[in-house]
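A short write-up of the structure that comes next.
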Amino acid sequence: MSDWKAIAKAKGLPLSDAQATKLESVLNQLETDFTVLKQRLAAADQPATVFAPAESDAQ
């Protein structure tokens with residue numbers, strides 16, 4: 001899990017301790033939810049699994 005309080009502090013967000021604790025709780029749950037959803041994706045569903053530039057882009 002990410003240390004959301006440390007990230008908020010490093011970004012200079014003016015949060016009280018109570019606000020930081022609430023934010024940390026919500027973001028931890030979102031991180032957990034998205035981790036579960038990410039594991040359900042098939043490789044073909046994930047964008048840019050293979051990047052093949054067009055010949056005109058290659059130099």
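Values below: all heavy atoms of this structure, side chains included; hydrogens, waters and symmetry mates excluded. The structure presented is a predicted model; accordingly, all values stated were derived computationally and were not measured.
- Residues Glu31 and Trp4 come closest through the heavy atom pair OE1-NE1, 3.5 Å.
- Rounding to the nearest 0.5 Å gives a distance of 10.5 Å between CG of Leu15 and NZ of Lys5.
- Rounded to the nearest 0.5 Å, atoms CG (Leu27) and CD1 (Ile7) are 8.5 Å apart.
- Val36 is not connected to Val26 by any chain of hydrophobic side-chain contacts under 4.5 Å among Ile, Leu, Val, Met, Phe, Trp and Tyr, and they are in different clusters.
- Residues Asn28 and Ser2 share a closest heavy-atom pair of OD1-O, 3.8 Å.
- Judged purely by atom type and a 3.5 angstrom limit, Thr21 uses its side chain to pair as donor or acceptor with the backbone of Asp17.
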